**Q** 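Please see the structure below; I have some questions.
Side chains are part of it too, since the values below use all heavy atoms of this structure and drop only hydrogens, waters and symmetry mates. Keep in mind the model is a prediction, meaning the values are calculated, not measured.
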Amino acid sequence: MTSRFGFNNMDVLKFLYNNKIGRIILRPLISRTVSELSGKLLDSRLSMILINPFVRKNRIDKTDYLLDDIGSFNDFFCRRIKPGLRIISKDKNSLIAPSDGLLSVYKINAGTVLSVKQSRFTIDRLLKDRKLAAGFNNGYVLVYRLCVNHYHRYVYFDSGKKYKDRRINGLYHTVRPVALAEFPVYIENTREYSVIDTDNFGRCVQMEVGAMLVGRIVNECSASGIVSRGEEKGHFEYGGSTIIVLIPEGKAGLREDIAANIDTGAEIPVVMGEVIGTASTNK
């Protein structure tokens with residue numbers, strides 16, 4: 001497995017997360033200070049020298065993207081895809097993927113989610129809002145883990161009324177399974193989320209989670225207002241790599257292949273706009 005810059009890093013991550021000395025080294029790497037410094041470096045003109053090795057190692061087809069205004073590595077990382085290459089389903093009752101990613105789905109039982117490698121976290125701790133969390137008991141949590149070859153912009157998964165975004169400052173663990181096995185990453189990492197009274201799925205949450213080194217979450221608008229299904233919500237700069245959607249009980253039916261893998265930890269490849277389910281008929 002290669003890093004975003006092309007070098008093999010799985011052994012490095014295993015050392016950092018599974019070794020006592022590695023964990024001492026890990027602590028500053030997941031700090032906000034290191035994240036901000038890395039971000040500044042990747043925003044610089046000099047960082048453009050990283051783009052071509054990154055493209056070669058990760059087999060990115062540059063012809064799929066709009067690249068006229070690229071001035072740094074971060075510009076390239078959050079590049080825009082050409083029109084027509086991510087189609088939003090026109091069926092307004094369909095449940096769509098808000099981003100490219102590897103999708104895993106879990107049932108929320110008594111407020112608890114069984115995650116990768118049997119690591120547990122509660123919706124209460126994820127949201128830091130007990131009252132809001134209570135509304136998702138027996139519902140679904142959809143986890144979209146973005147890899148280096150994925151498109152790093154994302155859209156609203158349904159239309160509705162959005163409340164002012166909430167930000168929870170935290171750490172910047174990697175979101176790869178090696179870290180998920182050792183730490184409750186999703187409740188430790190920096191994250192932002194929107195509470196949306198959706199047209200088709202009730203009161204839902206769409207959350208972005210930061211990741212190691214930078215993990216910058218750049219949302220277009222944090223204020224309250226009306227949002228539209230398929231409207232761009234924001235993008236990740238280098239390191240940001242997970243979107244979480246919470247849906248209440250009985251509001252959505254999942255696609256057969258996805259429903260068959262609830263709570264298994266299986267990751268199903270999806271792309272932005274792809275139909276992954278439908279609104280429940282008894283909504």
**Q** Are Ile70 and Ile49 co-members of a hydrophobic cluster defined by side-chain heavy atoms under 4.5 Å apart?
**A**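 The answer is yes; both residues are in one hydrophobic cluster.
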
**Q** Could you walk me through whether Glu249 and Lys107 satisfy the salt bridge (Lys or Arg N to Asp or Glu O under 4.0 Å) test, starting with their C-alpha distance in whole Å, then the side-chain angles of each, then the deciding distance to 0.1 Å, before giving a yes or no?
**A** CA-CA 9 Å; Glu249 180 183 14; Lys107 191 76 172 177; 5.5 Å; no

**Q** Nearest 0.5 Å, what's the CG-CZ distance between Leu246 and Phe201?
**A**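 Here the rounded value is 14.0 Å.
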
**Q** Could you check whether any side-chain heavy atom of Ile244 comes within less than 4.5 Å of a side-chain heavy atom of Leu126, counting everything from C-beta outward?
**A**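 They are in contact (side-chain heavy atoms under 4.5 Å apart), so the answer is yes.
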
**Q** Assess, by modelled atom type and distance only, whether the side chains of Asn219 and Tyr193 contain a donor and an acceptor separated by less than 3.5 Å.
**A**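 No donor-acceptor contact under 3.5 Å links the two side chains.
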
**Q** Do Phe54 and Phe73 have side chains that get closer than 4.5 Å, going by heavy atoms?
**A**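 In short, these two side chains touch, coming nearer than 4.5 Å.
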
**Q** Linking I/L/V/M/F/W/Y whenever their side-chain heavy atoms sit closer than 4.5 Å, directly or via other members, would Ile258 and Ile243 fall into one cluster?
**A**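 Looking at the clustering, Ile243 is in the same group as Ile258.
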
**Q** For atom CD of Glu220, decide whether the heavy atoms of other residues, nucleotides or ligands shown that lie under 6.0 angstrom number more than 12.
**A**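 Count over threshold, so yes.
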
**Q** Please report the C-alpha distance between Leu103 and Leu142 in whole Å, then the side-chain angles of each, then the deciding distance to 0.1 Å, and finally whether the side chain to side chain contact (heavy atoms under 4.5 Å, CB included) criterion is met.
**A** CA-CA 7 Å; Leu103 170 63; Leu142 285 67; 3.9 Å; yes

**Q** For the ring pair Phe77 and His152, is the centre-to-centre distance below 6.0 Å?
**A**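 Centroid distance Phe77-His152: below 6.0 Å, so yes.
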
**Q** Please check if the number of heavy atoms outside Lys161 that lie under 6.0 Å from its NZ is greater than 12.
**A**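 Counting other residues, nucleotides and ligands, NZ of Lys161 stays at 12 neighbours or fewer.
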
**Q** What do the steps show when you test Arg255 against Glu274 for salt bridge (Lys or Arg N to Asp or Glu O under 4.0 Å), and what is the final call?
**A** CA-CA 11 Å; Arg255 201 171 70 195; Glu274 181 177 343; 2.8 Å; yes

**Q** To the nearest 0.5 angstrom, please state how far the CD1 atom of Ile96 sits from the CZ atom of Phe157.
**A**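 It comes to 9.0 Å.
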
**Q** Report whether Val209 and Phe136 are members of the same hydrophobic cluster (ILVMFWY, side-chain heavy atoms less than 4.5 Å apart, transitive linking).
**A**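 Both belong to a single hydrophobic cluster.
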
**Q** Would you mind checking if Glu231 and Lys162 are paired as a salt bridge, meaning a charged N to carboxylate O distance below 4.0 Å?
**A**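 Salt bridge: no.
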
**Q** Any side-chain heavy atom of Leu127 sitting closer than 4.5 Å to one from Met207?
**A**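 The answer is yes, as the side chains (C-beta and beyond) meet within the 4.5 Å cut-off.
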
**Q** Hey, what do you get for NZ (Lys92) to CG (Asn200), rounding to the nearest 0.5 Å?
**A**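 That separation rounds to 9.5 Å.
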
**Q** So His150 and Val271, side chain to side chain contact (heavy atoms under 4.5 Å, CB included) or not? Walk me through it.
**A** CA-CA 8 Å; His150 290 134; Val271 296; over 6 Å; no

**Q** Going by heavy atoms in the side chains, are Leu254 and Leu95 under 4.5 Å from each other?
**A**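 In short, these two side chains touch, coming nearer than 4.5 Å.
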
**Q** Donor-acceptor pair, distance only, cut-off 3.5 Å: does the side chain of Gln206 make one with the backbone of Val155?
**A**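 Yes; judged by distance alone, with no hydrogens or angles, the pair exists.
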
**Q** Would you say Glu208 and Arg191 make side-chain contact, with heavy atoms under 4.5 Å?
**A**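 Side-chain contact under 4.5 Å: no.
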
**Q** Just do the side-chain hydrogen bond (donor to acceptor under 3.5 Å, both in side chains) check on Asn149 and Asn58 with the steps written out, would you?
**A** CA-CA 6 Å; Asn149 58 317; Asn58 296 293; over 6 Å; no

**Q** Would you say Tyr151's side chain and Ile81's backbone share a donor-acceptor pair under 3.5 angstrom?
**A**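 Yes; at least one donor-acceptor contact below 3.5 Å.
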
**Q** Report the distance from atom CZ of Arg153 to atom CZ of Phe236, rounding to the nearest 0.5 Å.
**A**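 Here the rounded value is 12.0 Å.
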
**Q** Going through the distances and angles, do Arg145 and Ser99 end up as a side-chain hydrogen bond (donor to acceptor under 3.5 Å, both in side chains)?
**A** CA-CA 9 Å; Arg145 186 169 67 87; Ser99 69; over 6 Å; no

**Q** Under the 3.5 angstrom rule, does the side chain of Lys82 hit a backbone N or O of Thr63 as a donor-acceptor pair?
**A**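 Checked: pair present.
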
**Q** If you group Ile, Leu, Val, Met, Phe, Trp and Tyr by side-chain heavy-atom gaps below 4.5 Å, do Ile268 and Val105 land in one group?
**A**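 Same hydrophobic cluster.
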
**Q** Check whether the side chains of Ser94 and Arg229 place a donor and an acceptor atom closer than 3.5 Å, and report yes or no.
**A**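 On atom types as modelled, these side chains qualify, holding a pair under 3.5 Å.
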
**Q** Would you give the length of the straight line joining atom CZ of Arg80 to atom CG of Asp69, rounded to the nearest 0.5 angstrom?
**A**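 The CG atom of Asp69 is 8.5 Å from CZ of Arg80, to the nearest 0.5 Å.
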
**Q** Using only atom types and a distance under 3.5 Å, with no angle test, would you say the side chain of Ser47 pairs donor to acceptor with the backbone of Leu42?
**A**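 Yes; judged by distance alone, with no hydrogens or angles, the pair exists.
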
**Q** Between Asn93 and Thr278, is any side-chain donor less than 3.5 angstrom from a side-chain acceptor?
**A**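 No, because no side-chain N or O of Asn93 sits under 3.5 Å from a partner of the opposite role on Thr278.
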
**Q** Taking the side chain as every heavy atom from C-beta outward, state whether Tyr65 and Leu85 have any pair of such atoms under 4.5 Å apart.
**A**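 They are not in side-chain contact.
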
**Q** Taking C-beta and beyond as the side chain, do Val55 and Phe76 meet within less than 4.5 Å on heavy atoms?
**A**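 Val55 vs Phe76: side chains touch.
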
**Q** Evaluate the side-chain hydrogen bond (donor to acceptor under 3.5 Å, both in side chains) criterion for residues Ser194 and Lys233: first the C-alpha distance (whole Å), next the side-chain angles of each, then the deciding distance (0.1 Å), finally the verdict.
**A** CA-CA 10 Å; Ser194 303; Lys233 187 176 192 292; 3.0 Å; yes

**Q** Are Ile262 and Val270 connected in a single hydrophobic cluster, I mean Ile/Leu/Val/Met/Phe/Trp/Tyr linked by side-chain heavy atoms less than 4.5 Å apart?
**A**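 Per the 4.5 Å side-chain linkage, Val270 and Ile262 are co-clustered.
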
**Q** Measure the CG-SG distance between Asp165 and Cys221 for me, rounded to the nearest 0.5 Å.
**A**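 Going from the CG atom of Asp165 to the SG atom of Cys221 covers 7.5 Å.
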
**Q** Using a 4.5 Å cut-off on heavy atoms from C-beta on, say whether the side chain of Tyr163 contacts that of Arg203.
**A**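 With C-beta onward as the side chain, the pair touches.
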
**Q** Say whether Ser72 and Asn74, considering side chains only, have a donor N or O and an acceptor N or O under 3.5 Å apart.
**A**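 The criterion, which ignores hydrogens and geometry beyond distance, is not satisfied for Asn74 and Ser72.
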
**Q** Quick one: do Met272 and Ile87 satisfy side chain to side chain contact (heavy atoms under 4.5 Å, CB included)? Show the steps, please.
**A** CA-CA 7 Å; Met272 176 195 290; Ile87 304 298; over 6 Å; no

**Q** Evaluate the criterion side chain to side chain contact (heavy atoms under 4.5 Å, CB included) for residue pair Ile196 and Asp158; output intermediate values, then yes/no.
**A** CA-CA 9 Å; Ile196 309 170; Asp158 198 28; over 6 Å; no

**Q** Okay, side chain of Ser280, backbone of Gly250: is any donor-acceptor separation there less than 3.5 Å?
**A**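 Yes.
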
